[in-house]
There are 2 protein chains.
Amino acid sequence: MTNSEPAPAEGKRDRLIRSAAELLYRRGVDSPTLADIAHDADVPTGNVYYYFKTRDELVEAVIDARADEVRQLLASLDRRSSPRARLKGLARAWAANEDDIATSGCPIGTLCSELNKRDRGLDQRAATLLSTVADWVEDQIRQLGRSDARELAITLLATVQGAAVLASSLSDPKIMTSQIRRLERWIDTLSAGDT
Amino acid sequence: MTNSEPAPAEGKRDRLIRSAAELLYRRGVDSPTLADIAHDADVPTGNVYYYFKTRDELVEAVIDARADEVRQLLASLDRRSSPRARLKGLARAWAANEDDIATSGCPIGTLCSELNKRDRGLDQRAATLLSTVADWVEDQIRQLGRSDARELAITLLATVQGAAVLASSLSDPKIMTSQIRRLERWIDTLSAGDT
DNA sequence: GTCTATAAGGCGATAGAC
DNA sequence: GTCTATCGCCTTATAGAC
């Protein structure tokens, strides 16, 4: 590897991953063909195999790209001053994506659900996305002094995942809006003590 | 139609629907082939087309079969004496399926989520399953004297759908158990008044 | 390194024998 | 009515030209 240029090969590889992430999110993990993805990324169809040995390897790259997004989001939230502010920041991040979520569900939740049914080991790699967020939320709630932080973290995540399933299936964006608002009020009530 | 026999043709059709329902639940809506389904139902592969014109028509029959299940469950719960007892009966029904849900998610929720991404009109038909339950829950909560019954019904359903996504994705049945328990306590606290 | 042409296999669907 | 044989298409993946 020389020190010169921005690696045009990387450009195409990244475009393939971005197009794949978007198409798999909108139309499901298995439905989009490599031709669909390559066309969207402006890459010749057969040439996908120069960058990825199999289709699953491209799916894996999409999972890893989502993992990067999650890490970046949580890192930005970590700069906030209090655990409550960090949790609320997470809620606002979801709120900012309400429309997409109401249309196609949670990018992470639907990915995990679908891979869970067409298992090839990819499902476990995808599950890491959810547990990363769960662990982070648990950590914030524990900092609020709650001993039942794990269950509360799961409760918080379940609310969002469930709202995403309902809002997208029933085509009703207001479900996301109202459930996130309820979540923010719930975060306000969180304080030391159990149940 | 004569009055004589249990209709052997019906037997095969029903077996195809049952096998399809199970396989689509376990492995996703698109993944199982007609050969897989026919084999599981002990019906010759090509013969599926005597009963269903297209694969989608079989999927539609699966949705309708789920709708029957839902109607029967809600009808049996309607025999209970109070709205609170009916809601708790629903929670117990979910608890009884905890293991399946922790393995493959909610049969209705995952069906709706997947069809939402491979749209052919089937998604709207499937969404009826969710809204039927939502409407019923809303009705029960309203009978408890709550004016915010719709939002509370969505909250209840979101909890279960979210728990199903998390439990199946993270392969942790305890998530379903604890969230259903929390739901039952929450039902106990429901009474007249808002928020 | 990049891309085209094509192979190999599996799928939904059909035609028609029984 | 029931089933078999098979078609034609689409998809992933490869071989090899440029």
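Naming: A, B, ... by sequence-line order, numbering from 1 per chain.
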Partners meeting salt bridge (Lys or Arg N to Asp or Glu O under 4.0 Å) with A:Asp99 (sequence neighbours left out): none
Pairwise side-chain contact, B:Asn116 with A:Thr110, heavy-atom cut-off 4.5 Å (strictly under): no
Which of residues 21-36 of chain B sit near DNA chain D, with a heavy atom under 4.0 Å from it? none
Rounded at 0.5 Å granularity, tell me how far [atom1] in [X] sits from [atom2] in [Y].
| X | Y | atom1 | atom2 | value |
| --- | --- | --- | --- | --- |
| B:Arg18 | B:Leu16 | CZ | CG | 10.5 Å |
| B:Arg80 | B:Gln140 | CZ | CD | 11.0 Å |
| B:Ile175 | B:Glu98 | CD1 | CD | 11.5 Å |

Does one side chain, of B:Lys117 or A:Ser31, offer a donor that lies under 3.5 Å from an acceptor on the other? no
Is the phosphate of D:dA13, meaning OP1 or OP2, less than 4.0 Å from a side-chain N or O of A:Tyr49? yes
Reckon B:Thr45 touches a base, only the sugar-phosphate, or nothing at all at heavy-atom distances under 4.0 Å? nothing
Trace of the side-chain contact (heavy atoms from CB on, under 4.5 Å) decision for A:Leu87 with A:Leu144: CA-CA 11 Å; A:Leu87 288 172; A:Leu144 284 172; 4.1 Å; yes
Starting at [atom1] of [X] and ending at [atom2] of [N], how long is that distance when rounded to a whole Å?
| X | N | atom1 | atom2 | result |
| --- | --- | --- | --- | --- |
| A:Arg55 | C:dG10 | CZ | P | 17 Å |
| A:Lys53 | D:dA13 | NZ | C1' | 13 Å |
| B:Glu57 | C:dG12 | CD | C1' | 14 Å |
| B:His39 | D:dT4 | NE2 | P | 13 Å |
| B:Phe52 | C:dT14 | CZ | P | 15 Å |
| B:Asn47 | D:dT2 | CG | C1' | 6 Å |
| B:Asp42 | D:dC3 | CG | C1' | 14 Å |

Counting heavy atoms from C-beta on, name the nucleotide in C:dG1, C:dT4, D:dT2 closest to the side chain of A:Tyr50. C:dG1
Output the single nucleotide from D:dT4, C:dA13, D:dT2 whose closest atom is nearest the side chain of B:Pro44. D:dT4
